[in-house]
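All heavy atoms count here, side chains included; hydrogens, waters and symmetry mates do not. Computed from a predicted structure; not experimentally measured.
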Amino acid sequence: MSLSNREIADIFARCADMLQIRGDNIHRVLSYRRASETIRAVPRDLRVISSDGGLTDLSYIGKTIAAKIDEMLESGELDFYNRLKEEVPEGLVDIMHINGVGPKKAKLFWEKLEVTSVDALKIAADNDKLAELPGMGVKSQQKILDGIEALSRQTGRANIGEALPAAQRILDMLLELPQAREGALAGSIRRGRETIGDVDILIAADDSGPIMERFVSMENVARVLGHGPTKSSVELLSGLQVDARVLAKARWGTALNYFTGSLAHNVKMRQIALDQGLSLNEHAFSPVDENKAIIESAEKTLCDSEEKVYGTLGLQYVPPELREDSGEIEAAREHRLPRLIERRDIVGDLHMHSDWSDGKNSIREMVDACVKRGHQYIVITDHSRSLGIANGLSIERLLAQAEEVRELNDEMGETIHVFAGTEMDIKADGSLDYPDEVLVELDFVIASLHSGLSQKREQVTARLLKAIRNPYVRMIGHPSARQYPNREEVDADWDAVLAAAKEEDTILEINANPLRLDLKPELARLAKELGVKLAINTDAHRVAHLDLMEYGVTNARRGWVEARHVVNTWSLERFNRWLSHKA
DNA sequence: GCCGTTTTCGGCCCGACTGTTTTCAGTCG
């Protein structure tokens, strides 16, 4: 039995941890970790890539790791991993994930106390066994107990939809202090990742004390994890960890670049700097000698903006969303980065619900709210009849709603165009929820998966293909049906889905709801490269959800998407022309 | 173990903070 991309990525990550505990060369460890990251981000099935002989084209996958991938694809097992497990107890990997415990401590607990699980470690700590170990003390022991508690409380990474507003509030509060000259969110939140491990906040100021003081004394702080003169760390009551750093304005560019990451992007930046005789860190560019040692007497180059950092290296400015070491450095070198889509390019929203199904607001309220947000056109797309839990519309109600939408549209005149549509279920048996003679009555039909999400790949793929090929279906809503934190994407043959969407001129949605962000960036990038049409929609179930569009735009930017790839950047006239041409 | 516009060997980021050190090791990002 073969393993999925994710399972293979997990195994390499665990190999890396075990190798590190064993004390292997750190760069060998990093190789496994990088390979794991690469595999996690690959949108294609490794089985397909492998049969095309393309594994070693992936970054950080060389001959050795490619062979290990093939072994797992064929046998479902990895001999190397199995042998590692005999040498290094697997529970140590979990212990390593406790905050404050790294490979050395994990190894220490194992060798001195024969502790090989988080539970056993907790018992040892409760009995004061840890404090007696060399290099340990009462405080370290307590820190580990806190870490174990945090681990059990943790539900994993926070969704960006929760983390971003919380982070923004803290940033705004710190920026109100008179000492703060400039501030920004950095890290994965700035890169727009779907989930956030912890929040990084940077403040430029000459006097750091009051800022650090204010930060650790915020009312929503559950505990202070660290409090130094220029860096502090807190855990909020929500469980979210937030780090704040203060630095000099003159170093703003290098610092923001450094703390925005990603790690892999930074490593490449530094390599390019070294190639030019410069060492790059969060403080400055420093000239280096032939041994790559910093020449202390030489003058350093400070950068107060990120543009200067990239400019110093002869690179085009790289938008944060692209900084994942997925080709952006190479493109920046040749000044051929795309002009990414922006929120202001969006002039319509093709997917929203009303109180006719499971929405909270009336059609009129949704329309008025969309007018306020400057949309030129929208589509009302309530759920279809088989989605009983969402009060899906019977054929009679659907036709009655279409009638009402058209009357409202006439009433709105030139203010906004309201199309009559539906979000129709692709049922578990593969059939569509309304017959063609009903669909023909609508202006815009979305087809979406809401059930049968754990079916086999062949089945799910066939359902998607059938929907894509229906002459009345214009768009597939949230194509992979993934939802944070608990629902994995469906298993489908995405190569086949993208090819069919291209052939049939069917739009694939980038759903802007932060719990979905579906298509994911990797697939969106593949789709636009193939010439598949995309649309970014809120899937709003209430007026407030209409403001989630920004998350969808960020997600699209992470997929290198430009305005020209996205249908709802088109004028009403062009959108109408496409609708009638396709019909 | 990967990688290459100084290439197939010799590199691979490094500074802040913490707690245990009495000059530094481990962790983290």
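- Sorted by residue number, the members of residues 198-210 of chain A with any non-hydrogen atom under 4.0 Å from DNA chain B read A/Asp198, A/Asp200.
- For residues 54-92 of chain A, every residue pair satisfying the ring-ring contact (aromatic ring centres under 6.0 Å, His included) rule, not counting sequence neighbours, is listed here: A/Tyr32-A/Phe80.
- Here A/Thr64 reaches the OP1 or OP2 of B/dC2: one of its side-chain N or O atoms lies under 4.0 Å away.
- Contacts between residues 90-106 of chain A and DNA chain B, counted as heavy-atom distances below 4.0 Å, involve A/Ile98, A/Asn99, A/Gly100, A/Val101, A/Gly102, A/Pro103, A/Lys104, A/Lys105.
- Between the side chains of A/Asn82 and A/Glu86, no donor-acceptor pair is found at a separation under 3.5 Å.
- For A/Arg214, the salt bridge (charged side-chain N to carboxylate O under 4.0 Å, His left out) criterion is met by no residue, not counting sequence neighbours.
- Whole-Å rounding puts the A/Lys139 NZ to B/dC17 C1' distance at 12 Å.
- Applying the salt bridge (charged side-chain N to carboxylate O under 4.0 Å, His left out) test to every pair with at least one member in residues 249-263 of chain A, sequence neighbours left out, gives these pairs: A/Glu182-A/Lys249.
- Remark: the backbone N or O of A/Gly226 is not paired with any side-chain donor or acceptor of A/Ser233 at under 3.5 angstrom.
- OP1 or OP2 of B/dG29 has not a single side-chain nitrogen or oxygen of A/Ser188 nearer than 4.0 Å.
- Nucleotides B/dT21 and B/dA25 place their P atoms 13 Å apart, quoted to the nearest Å.
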Would you mind writing out the side-chain donor-acceptor pairs for residues 107-121 of chain A within the sub-3.5 Å range, not counting sequence neighbours?
unit_1   : atom_1 : unit_2   : atom_2 : d
A/Ser117 : OG     : A/Ala120 : N      : 3.0

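- Comparing B/dG26 with B/dT20, their C1' atoms sit 10 Å apart, to the nearest whole Å.
- Residue-level contact check: A/Val246 touches neither bases nor backbone, having no heavy atom under 4.0 Å from any strand.
- Nucleotides B/dT8 and B/dG1, compared at atom C1', are 14 Å apart to the nearest Å.
- Look at the P atom in both B/dC17 and B/dG10: the space between them is 38 Å, to the nearest Å.
- Within the structure, every pair that satisfies the salt bridge (charged side-chain N to carboxylate O under 4.0 Å, His left out) test and touches residues 24-37 of chain A, not counting sequence neighbours, is listed here: A/Asp17-A/Arg33, A/Arg22-A/Asp24, A/Asp24-A/Arg28.
- Listed candidates were B/dG29, B/dG15, B/dC17. Nearest to the side chain of A/Arg245 is B/dG29.
- Comparing atom distances between the A/Thr230 side chain and each of B/dG1, B/dC17, B/dG29 picks out B/dC17 as nearest.
- By the 6.0 Å contact criterion, CZ on A/Arg457 is enclosed, its count of non-hydrogen atoms from other residues, nucleotides or ligands being greater than 12.
- Between A/Asp10 and A/Arg14 there is no salt bridge, since no side-chain nitrogen of the basic residue lies less than 4.0 Å from a carboxylate oxygen of the acidic one.
- Taking only side-chain nitrogens and oxygens, A/Ser140 comes nearer than 4.0 Å to OP1 or OP2 of B/dT20.
- In terms of phosphate contacts, A/Lys231 brings no side-chain nitrogen or oxygen within less than 4.0 Å of OP1 or OP2 of B/dG15.
- If you measure from atom NZ of A/Lys143 to atom C1' of B/dC17, you get 8 Å, rounded to the nearest angstrom.
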Can you give me every donor-acceptor pair (side chain of residues 263-286 of chain A, partner residue at least two apart or in another chain, under 3.5 Å) with its distance?
unit_1   : atom_1 : unit_2   : atom_2 : d
A/His265 : ND1    : A/Glu328 : OE2    : 2.7
A/His265 : NE2    : A/Tyr310 : OH     : 2.9
A/Asn266 : ND2    : A/Tyr258 : O      : 2.8
A/Lys268 : NZ     : A/Asp325 : OD1    : 2.8
A/Lys268 : NZ     : A/Glu330 : OE2    : 3.1
A/Arg270 : NE     : A/Leu280 : O      : 3.3
A/Arg270 : NH1    : A/Leu280 : O      : 3.2
A/Arg270 : NH2    : A/Leu280 : O      : 3.2
A/Gln271 : NE2    : A/Asp275 : OD1    : 3.3
A/Gln276 : NE2    : A/Leu313 : O      : 3.3
A/Asn281 : OD1    : A/His283 : N      : 2.8
A/Asn281 : OD1    : A/Ala284 : N      : 3.0
A/Ser286 : OG     : A/Lys300 : NZ     : 3.2

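- Here the separation of B/dA16 from B/dG11, taken at their C1' atoms, is 26 Å to the nearest Å.
- In the region residues 53-61 of chain A, proximity to DNA chain B at under 4.0 angstrom, judged on heavy atoms, holds for A/Leu58, A/Ser59, A/Tyr60, A/Ile61.
- Pairing for B/dG15 goes to B/dC28, judged as Watson-Crick or G-U wobble with the two contacts each under 3.5 Å.
- Within residues 254-281 of chain A, the residues approaching DNA chain B are A/Tyr258, A/Leu263, A/Val267, A/Arg270, A/Asp275, A/Asn281, by heavy-atom distance under 4.0 Å.
- Screening residues 302-315 of chain A for salt bridge (charged side-chain N to carboxylate O under 4.0 Å, His left out), with sequence neighbours left out, gives A/Arg190-A/Glu306, A/Asp304-A/Lys308, A/Glu306-A/Arg323.
- Using P as the reference atom, B/dC13 and B/dT18 are 25 Å apart when rounded to the nearest Å.
- Shown here is A/Lys85, whose NZ atom has more than 12 heavy atoms of other residues, nucleotides or ligands within 6.0 Å.
- Within 4.0 Å of A/Pro229, counting heavy atoms only, lie sugar-phosphate atoms of the nucleic acid but no base atom.
- Listed by first then second residue, pairs satisfying side-chain hydrogen bond (donor to acceptor under 3.5 Å, both in side chains) with a partner in residues 550-562 of chain A read A/Glu321-A/Arg557, A/Glu324-A/Arg558, A/Glu562-A/Arg564, not counting sequence neighbours.
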